[in-house]
> 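This is the structure, below, for whatever I ask next.
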Amino acid sequence: EIPFESNIQFKIFQIARHYLDIHFVPSLRWEISSSATVDSSTEDEDKAEQDVDLSRIRNEENYQNQIRKGYLLHVVNHILKTRDKVIKNSSQLKQEQEVPDSDLRDQGFTRPKILILVPFKNAALQVAEILLSLLPPSQTEEIVHKDRLYKDFGVEDGDEEEDSIQYKSKPKDWRMMFKGNIEDEFKLPISLLGSSVRLFTNFYRSDIIIASPLGLRTIIGAEGDTGRDYDFLSSIEMVVVEGFDVMSIMQNIDHLRLIFNCLNQLPGKNFEKTKWYSKLDFGRIKNWLLNDNGETGESQGTEVIREELKFFRQTMFFGEFQVGEINQLIKTECLNFYGGVTICPESYSGTIRLVVPKIRQLFYRMPETDTSDTKKKKSPDDLKFEYFRTKIFPQIKDLLLSTIKNYVIVVNNYFDYVRIINFLR
């Protein structure tokens, strides 16, 4: 029996266990738009029809953990069932028993099946703690490197700021986000063995990878880098992106795009030289990782195969508000053939009407540029900054020198902020 502590946990698990893609944004009520039908028992339907007031509970201390427990229940359920199937088939093969080909194909090119992306170490620590608590007691008789988990992802004695006046003066959502270790470069591969759990194991020996986009980027590298490696992402079956609003606004969203581009790619030639390739049994690789002939799809082209593999991967996005770049990423990457579910606000009327003093708003339209000359072609960000530097800032400068003493410049991402700060200096 699953110990659901809240209706949110139940709803997240109920949707996730049907392997639907999820785009979750808190709202006053749940508005579900889906291309798939979720079957459930009468008892489940009655429970699912209950309204969830997310505006009330989103500021509770355990709000994020309720979300995490919902999708982590599905993660644990998936990883344990797939592992039991592999063990059962291996045992039957050792006893020379016949196994249907459809049941025998139970593995991928590499071992990792679950990828969980979070922005900070404090979130990764909470995810790891909940994950370990959901595993059966027979699985957690020994947890290897547990001390290292709290040493690397926790806060050292004397670094706690919760009792400081400055910390207490911050809003509640700020305290929830920045409580603990907020380092944004980390990797935590987890391996589930017979009766033990190994933390900080090798990527190719892990079942679950918890990481930040920046942490994985240091391993993946860029095109042309020596030593770059992303073959361990070739057989990922489930991706969870928690805190996508933080990743897109406060961090570099290009890291997230790069990770999705590297997911479910056919292993490269360097993989054939590793010991993991020598242990690979192509007779047990799942059909959706191969073409119709039961062979790797090199003849079809890597991009064709990768586009097909998107249909077999479950992707779940969790954030606090809608982000345009994430919506675009979901459109291109969330193509699960089971369908998808979007949980978002029913309506949003905006807040500009609540401003008491009337504000004069001026909208500037950037002129079109000639894109035929590829040598002179600039990115949209470069063009936007150039327009600000040559057209907008001179007007601001004149106002600062005349009547207005203070001026606020608002930008929508961290890289524009860094560029403008360097320009103003």
> Give the intermediate values and the outcome of side chain to side chain donor-acceptor pair (under 3.5 Å) for residues Asp229 and Tyr204.
CA-CA 11 Å; Asp229 182 17; Tyr204 289 92; 2.8 Å; yes

> Could you point out which residue of Ile209, Ile208, Val241 forms a side chain to side chain contact (heavy atoms under 4.5 Å, CB included) with Leu115?
Ile209

> Should Leu199 and Val197 count as side-chain neighbours, where that means a heavy-atom distance under 4.5 Å?
yes

> When you compare the side chain of Asp21 with that of Val341, does any pair of heavy atoms fall below 4.5 Å?
no

> Identify the two heavy atoms, one from Asp184 and one from Ser212, that lie closest to each other, and give their separation to 0.1 Å.
O-OG, 2.8 Å

> Would you indicate whether the side-chain heavy atoms of Leu188 and Leu149 approach each other to under 4.5 Å?
yes

> Do the side chains of Phe120 and Val246 get nearer than 4.5 Å, heavy atoms only?
yes

> Does the distance from a Lys or Arg side-chain N to an Asp or Glu carboxylate O, for Asp207 and Arg111, drop under 4.0 Å?
yes

> Any side-chain to backbone donor/acceptor pair from Ser191 onto Arg205? Under 3.5 Å, distance only.
yes

> Can you confirm if the aromatic rings of His18 and Phe13 lie within a centre distance of less than 6.0 Å?
no

> With no hydrogens and no angle check, is any side-chain donor or acceptor of Gln395 less than 3.5 Å from a backbone partner on Lys391?
yes

> Measure the CG-NE2 distance between Leu329 and His23 for me, rounded to the nearest 0.5 Å.
10.0 Å

> Which atom names give the shortest non-hydrogen contact between Pro267 and Asp231, and what distance separates them?
CA-OD1, 3.4 Å

> Counting only N and O atoms by type, is there a donor-acceptor contact under 3.5 Å from the side chain of Arg83 to the main-chain atoms of His78?
no

> Whether Asp382 and Arg389 form a salt bridge (side-chain N of Lys/Arg under 4.0 Å from carboxylate O of Asp/Glu) is what I want to check.
no

> Treating Arg105 as the side-chain partner and Ile285 as the backbone partner, does any N or O pair qualify as donor plus acceptor under 3.5 Å?
yes

> Please check if any side-chain donor atom of Ser234 sits under 3.5 Å from a side-chain acceptor atom of Thr110, or the reverse.
yes

> Provide the closest heavy-atom pair for Met316 versus Ala16 in the form atom of the first, atom of the second, distance.
SD-CB, 4.0 Å

> How many angstroms lie between atom CD1 of Ile143 and atom CG of Leu132, to the nearest 0.5 angstrom?
4.5 Å

> If we ignore hydrogens and angles and just use 3.5 Å, is the side chain of Gln328 paired with the main-chain N or O of Val323 as donor and acceptor?
no

> Verify, without hydrogens or angle tests, whether Asn122 (side chain) and Lys179 (backbone) share a donor-acceptor contact under 3.5 angstrom.
yes

> For residues Ile326 and Phe317, report the shortest heavy-atom separation together with the two atoms involved.
CG2-CD2, 3.9 Å

> Would you verify whether the NZ or CZ of Lys121 falls within 45 degrees of the ring axis of Phe186 while also being under 6.0 Å from that six-membered ring's centre?
no

> Determine whether a donor-acceptor pair (N or O, by modelled atom type, separation under 3.5 Å) exists between the side chain of Asn181 and the backbone of Gly154.
yes

> Assess the residue pair Tyr71 and Phe24 against the criterion (side chain to side chain contact (heavy atoms under 4.5 Å, CB included)); give the C-alpha distance rounded to whole Å, side-chain angles, the decisive distance to 0.1 Å, and a yes or no.
CA-CA 11 Å; Tyr71 73 74; Phe24 176 89; over 6 Å; no

> To the nearest 0.5 angstrom, please state how far the CG atom of Asn336 sits from the CE atom of Met238.
10.0 Å

> To the nearest 0.5 angstrom, please state how far the CD1 atom of Ile130 sits from the CG atom of Leu135.
12.0 Å

> If only atom types and distance count, is the side chain of Ser235 paired as donor or acceptor with the main-chain N or O of Phe109 below 3.5 Å?
yes

> Quick one about Arg198 and Ser206 (side-chain donor to acceptor, distance below 3.5 Å, no hydrogens or angles considered), yes or no?
no

> Hey, are the side chains of Phe178 and Lys170 touching, using non-hydrogen atoms and a 4.5 Å cut-off?
no

> Any side-chain heavy atom of Phe312 sitting closer than 4.5 Å to one from Leu335?
no

> Has the side chain of Gln139 got a donor or acceptor atom that lies under 3.5 Å from a matching backbone atom of Ser196?
yes

> Measuring from Met250:CE to Met177:CE, what's the distance to the nearest 0.5 Å?
6.0 Å

> Does CZ in Arg257 sit with more than 12 non-hydrogen atoms of other residues, nucleotides or ligands closer than 6.0 Å?
yes

> Can you find a heavy atom in the side chain of Gln66 that is under 4.5 Å from one in the side chain of Ile12?
no

> Please check if the side chain of Arg217 supplies one atom and the backbone of Asp254 the other of a donor-acceptor pair under 3.5 Å.
no

> Could you check whether Phe423 and Phe393 have their ring centres less than 6.0 Å apart?
yes

> Determine, stepwise, if the pair Tyr19 / Glu237 fulfils side chain to side chain donor-acceptor pair (under 3.5 Å).
CA-CA 10 Å; Tyr19 289 92; Glu237 300 174 2; over 6 Å; no

> Check step by step if side chain to side chain donor-acceptor pair (under 3.5 Å) holds for Glu242 and Gln126.
CA-CA 12 Å; Glu242 182 188 310; Gln126 292 175 346; over 6 Å; no

> List the steps, then state whether side chain to side chain contact (heavy atoms under 4.5 Å, CB included) holds for Val118 with Ile210.
CA-CA 7 Å; Val118 292; Ile210 303 174; 4.3 Å; yes

> May I ask you to check whether Tyr230 and Asn261 show a side-chain donor-acceptor distance below 3.5 Å?
no

> Verify whether one side chain among Gln9 and Arg68 offers a donor that lies under 3.5 Å from an acceptor in the other.
no

> Would you say Tyr417 has more than 12 foreign heavy atoms packed within less than 6.0 Å of its OH?
no

> Locate the shortest heavy-atom distance separating Glu333 from Thr315; write the atom from each residue and the value.
O-OG1, 4.5 Å

> Please tell me whether Phe337 and Phe311 form a close aromatic pair, meaning their ring centres lie under 6.0 Å apart.
no

> Quick check with a 6.0 Å cut-off and a 45 degree axis cone: is Arg148 positioned over the face of Phe200's six-membered ring?
yes

> Please report the C-alpha distance between Leu214 and Asn252 in whole Å, then the side-chain angles of each, then the deciding distance to 0.1 Å, and finally whether the side chain to side chain contact (heavy atoms under 4.5 Å, CB included) criterion is met.
CA-CA 8 Å; Leu214 178 59; Asn252 189 352; over 6 Å; no

> Of the options Gln314, Gln14, Arg17, which is the one that meets His74 in a side-chain hydrogen bond (donor to acceptor under 3.5 Å, both in side chains)?
Gln314

> If we only count heavy atoms from C-beta on, is the Phe282 to Gln107 side-chain gap below 4.5 Å?
no

> Calculate, to the nearest 0.5 Å, the distance between atoms CD1 and CD1 belonging to Ile330 and Ile22 respectively.
11.0 Å

> Tell me, with the steps shown, if Leu117 and Phe244 meet side chain to side chain contact (heavy atoms under 4.5 Å, CB included).
CA-CA 9 Å; Leu117 298 173; Phe244 63 74; over 6 Å; no

